Amino acid sequence: MAEVILKNVCKIYEGGVKAVNSVSIDIHDKEFMVLVGPSGCGKSTTLRMIAGLEEISDGEIRIGERVVNDVPPKDRDIAMVFQNYALYPHMTVYENLAFGLKLRKFSKEEIEKRVKEAADILGIGDYLQRKPKALSGGQRQRVAVGRAIVRKPAVFLFDEPLSNLDAKMRVQMRAEINKLHTRLGTTMIYVTHDQIEAMTMGDRICVMKDGVIQQIDTPLNIYDKPANTFVAGFIGTPPMNIFKGTLASENGAFVFKAGSGISIALPADWKPAIESYAGKDILFGIRPEDIGSERAESDANAPSISAKVEVREPMGAETYLHLDTGVDTPCIARVEAHIGAKVGETITLKLAMAGAHVFDPATTNRII
């Protein structure tokens, strides 16, 4: 087992393009760490540098007790699962699983033992004599994971392994990879652009943008206490509603004002954190489930907004209401499925302020 430590790791391509900019992460032994962010944020490049498939431009990568900057990929005690499975089409499942072990001169008995163990863990024992073309996408992904398992590495690396699967199979494979982590107790680093995968799989999440780490924390802390507006808008479905407005003082209390229709009284205990912004622009953020929720509507003191329903999206257990609040910023409320609001109707919705935030418009960092 091993921890993985990155210290000020950079990747600079020709022309001075910084794909990864001074990334520092301490991934604990046996931890499941997820690197998440939009396309081009540097997450896959970071993973490939850990694997040794991409040369680092600066910084230090440590796996266990060793600095591995100049160690070849085959000697780093890692195993990687790729997005495209990377199976040999002319080999059977058994041969795909055994191939890496044969190259390392393992005995026939040890190879057979490890392949059987991996096949049992992943439920692919019935497919060992099939070739990849005879397997479904989910079965191929299991084989790709199995090829990593037989290596018994110190660290597993996953590069968007579920992106080629359909929605139902992705849910199933997420659960299976989580079970695998619990069973093997091995350090796992997982790259995805899907924030649902990140939230449901990671012990901790590292959110990246433009090659820079935005926040590292547990899924719940990142959701409840986003470091900045990027994290607030990237994590969560639908994303957090963020309005630009002014912090006004009225009768000794602070009020957020935006456009002609939004006037939201802010909690009194926010005063020490926000009073320096009085009379200045601020950003106010609130998640869709905190607008018109049962928790908000049951609070007699909760502030409210009036808005016109533009689109209604029934999602089964709940409904998304796309609202026109009189400002340019889009607004979505996630409400009970059977709420009676109709398209074109103007409704009043209370806000659950326990889940609201204020951000600095210049730095975009969360104030409270």
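Computed from a predicted structure; not experimentally measured. Start at 1 with the first residue, then count along the sequence.
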With a 3.5 Å distance limit and no angle check, can you tell me whether [X] reaches the backbone of [Y] through a side-chain donor-acceptor pair?
{"X": "Thr45", "Y": "Ala19", "value": "no"}
{"X": "His193", "Y": "Gly37", "value": "no"}
{"X": "Ser24", "Y": "Lys7", "value": "no"}
{"X": "Thr364", "Y": "Pro361", "value": "no"}
{"X": "His90", "Y": "Lys131", "value": "no"}
{"X": "Arg334", "Y": "Thr237", "value": "yes"}
{"X": "Glu318", "Y": "Met315", "value": "no"}
{"X": "Thr192", "Y": "Ala198", "value": "no"}

Original post:
With respect to Leu247, which candidate in Val255, Ile367, Asp281, Leu266 satisfies the side chain to side chain contact (heavy atoms under 4.5 Å, CB included) definition?
Top reply: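 The option that passes is Leu266.
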Original post:
Out of curiosity, does Leu53 fall in the hydrophobic cluster containing Leu35 (side-chain heavy atoms, cut-off under 4.5 Å, transitive links)?
Top reply: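 Yes, same cluster.
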Original post:
In terms of hydrophobic clustering (I, L, V, M, F, W, Y; side-chain heavy atoms under 4.5 Å; direct or indirect links), are Val143 and Ile149 co-clustered?
Top reply: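 Yes, because Val143 and Ile149 connect within a single hydrophobic cluster, where side-chain heavy atoms sit under 4.5 Å apart.
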Looking only at heavy atoms, what is the nearest atom pair of [X] and [Y], with distance?
{"X": "Ile78", "Y": "Pro73", "value": "CG1-O, 4.2 Å"}
{"X": "Glu310", "Y": "Val343", "value": "O-CG1, 3.5 Å"}
{"X": "Arg130", "Y": "Asp126", "value": "NE-O, 4.4 Å"}
{"X": "Val71", "Y": "Arg76", "value": "O-NE, 2.8 Å"}
{"X": "Ile286", "Y": "Phe243", "value": "CG2-CE1, 4.5 Å"}

**OP:** Look at Lys116 together with Asp120 and state whether they make a salt bridge at an N to O cut-off of under 4.0 Å.
**Re:**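 Salt bridge between Lys116 and Asp120, a charged N being under 4.0 Å from a carboxylate O: yes.
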Original post:
Should Glu110 and Arg114 count as an ion pair when the cut-off is N to O under 4.0 Å?
Top reply: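 A salt bridge links Glu110 with Arg114.
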**OP:** Indicate whether any N or O donor in one side chain lies under 3.5 Å from an N or O acceptor in the other, for Gln83 and Ser163.
**Re:**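 Looking only at side-chain atoms, Ser163 and Gln83 do form a donor-acceptor pair, the distance falling under 3.5 Å.
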Original post:
Can you tell me if Ser263 and Lys257 form a side-chain donor-acceptor pair at under 3.5 Å?
Top reply: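 Distance-only check passes for Ser263 and Lys257.
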**OP:** Could you list all the salt bridge (charged side-chain N to carboxylate O under 4.0 Å, His left out) pairs where at least one residue sits in residues 201-210, not counting sequence neighbours?
**Re:**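 Every salt bridge (charged side-chain N to carboxylate O under 4.0 Å, His left out) pair that includes a residue of residues 201-210, provided the two are not neighbours, is Glu31-Arg204.
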Subject >> Heavy-atom check, side chain of Glu197 versus side chain of Arg170, under 4.5 Å >> reply: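 Contact flag for Glu197/Arg170 side chains = yes.
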Original post:
Pick from Phe256, Phe359, Tyr277: which one makes a ring pair (Phe, Tyr, Trp, His ring centres under 6.0 Å) with Phe284?
Top reply: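 For Phe284, the ring pair (Phe, Tyr, Trp, His ring centres under 6.0 Å) check succeeds only for Phe256.
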**OP:** Measure the CE-CZ distance between Met80 and Phe156 for me, rounded to the nearest 0.5 Å.
**Re:**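 Interatomic distance, Met80 CE to Phe156 CZ, rounded to 0.5 Å: 13.5 Å.
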